Amino acid sequence: MRSLIDILDLSKDEIASLIRTADDIIQNPEKYAEKCHGKKLATLFFEPSTRTRLSFEAAMYELGGHVIGFSEAASSSASKGESIADTVRVVSCYADIIAMRHPKEGAPLVASMKSGVPVINAGDGGHNHPTQTLADLLTIHREKGRFSDLTVGLCGDLKFGRTVHSLISALSRYENVRFVLISPEELVLPDYIKEDVLQRGGFSFYETEDLEEVMPELDILYMTRVQRERFFNEADYIRLKDSYILTPEKLLTAKQDLAILHPLPRVGEIAGSVDDDPRACYFKQALYGKYMRMALILMLLEVS
Ligand code: NCD
């Protein structure tokens, strides 16, 4: 039995296979409509979510399965003091697979060690978010046809942005990827990722506060919101929240085939007037997340 806690739990071959399955689901959705007949997904969301939870739910319904679960800690026994270990032991009796989001880093890992069914990390604190990365990878693959030879700009809250952490891990296995890290000084990428992933892997990376300076070089621009819920101090959040606002004017120097991604929700870091630009991929990206979650559920449930 396998879980997905970290994007590196999947080999490059398995990522390629998930992408092939997702592409096939997009082409032939009817082939998949009953694949998970009689199976149940439990969504245990101890932290708010729209896209991730609903796309897991939609994914399971489109595979012919059922969904049970909760969308806030207050409506679960966690509010009575139940441990994660006990919650997942119990939920394993009712569901075939679990998707868990939790504000504490490492909670889904603990859950996977106690669970009788596969656990998918649907975001743990400021740490990782592997299924968002699957959505990001399908988007990059469909836009660029490759993961190697790319200059990838990651912009915004690189400190707390878990989607950024997982995406860097995932892309660090491909050839000639250059990372451009664009953030205010207070929100730079954590040292453990710089040291363990980028420096150890011999990756070229460049840190800057200036998005416009690097715009002409980028093949991918991954925008993120400043993660208000992870700040200790509201005044710091207010000072930093509008550090970057992508507008059509700032895109004038960008490549014609730039792909603009954002895990969403956005809170001002991409102006609405960018949405009509053919380089804006973030709504497609949200749709692709559903197909990759379908492919992942099939893989973890070993449904062929
Ligand atoms: C992201 C998350 O939860 O980390 N959202 C998502 O899952 N699409 C990004 C965010 O909340 O900023």
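Since the structure is predicted, the reported quantities are computational estimates derived from the model, not experimental observations. Order of appearance sets the numbers: ligands from 1, and atoms from 1 within every ligand. Start at 1 with the first residue, then count along the sequence.
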Write out each pair where an N or O from ligand 1 and one from the protein are under 3.5 Å apart, with the distance.
| unit_1 | atom_1 | unit_2 | atom_2 | d |
| --- | --- | --- | --- | --- |
| ligand 1 | 3 (O) | Arg101 | NH1 | 3.4 |
| ligand 1 | 3 (O) | Arg101 | NH2 | 3.1 |
| ligand 1 | 3 (O) | Arg162 | NH2 | 2.9 |
| ligand 1 | 4 (O) | Arg162 | NE | 2.8 |
| ligand 1 | 5 (N) | Leu264 | O | 3.0 |
| ligand 1 | 7 (O) | Thr52 | OG1 | 2.8 |
| ligand 1 | 7 (O) | Arg101 | NH2 | 3.2 |
| ligand 1 | 7 (O) | His129 | NE2 | 2.7 |
| ligand 1 | 8 (N) | Gln132 | OE1 | 3.1 |
| ligand 1 | 8 (N) | Pro263 | O | 2.9 |
| ligand 1 | 8 (N) | Leu264 | O | 3.0 |
| ligand 1 | 11 (O) | Arg225 | NE | 3.3 |
| ligand 1 | 11 (O) | Arg225 | NH2 | 2.9 |
| ligand 1 | 12 (O) | Arg225 | NE | 2.7 |
| ligand 1 | 12 (O) | Arg225 | NH2 | 3.4 |
| ligand 1 | 12 (O) | Gln227 | NE2 | 2.8 |

Regarding [X] and [Y], does a basic nitrogen lie under 4.0 Å from an acidic carboxylate oxygen?
X	Y	result
Asp275	Arg266	yes
Arg228	Glu234	yes
Glu186	Lys159	no

[X]: which residues meet the side-chain hydrogen bond (donor to acceptor under 3.5 Å, both in side chains) condition with it, sequence neighbours left out?
X	result
Asn128	Asp6, Ser166
Ser55	Arg293
Asp23	Arg142

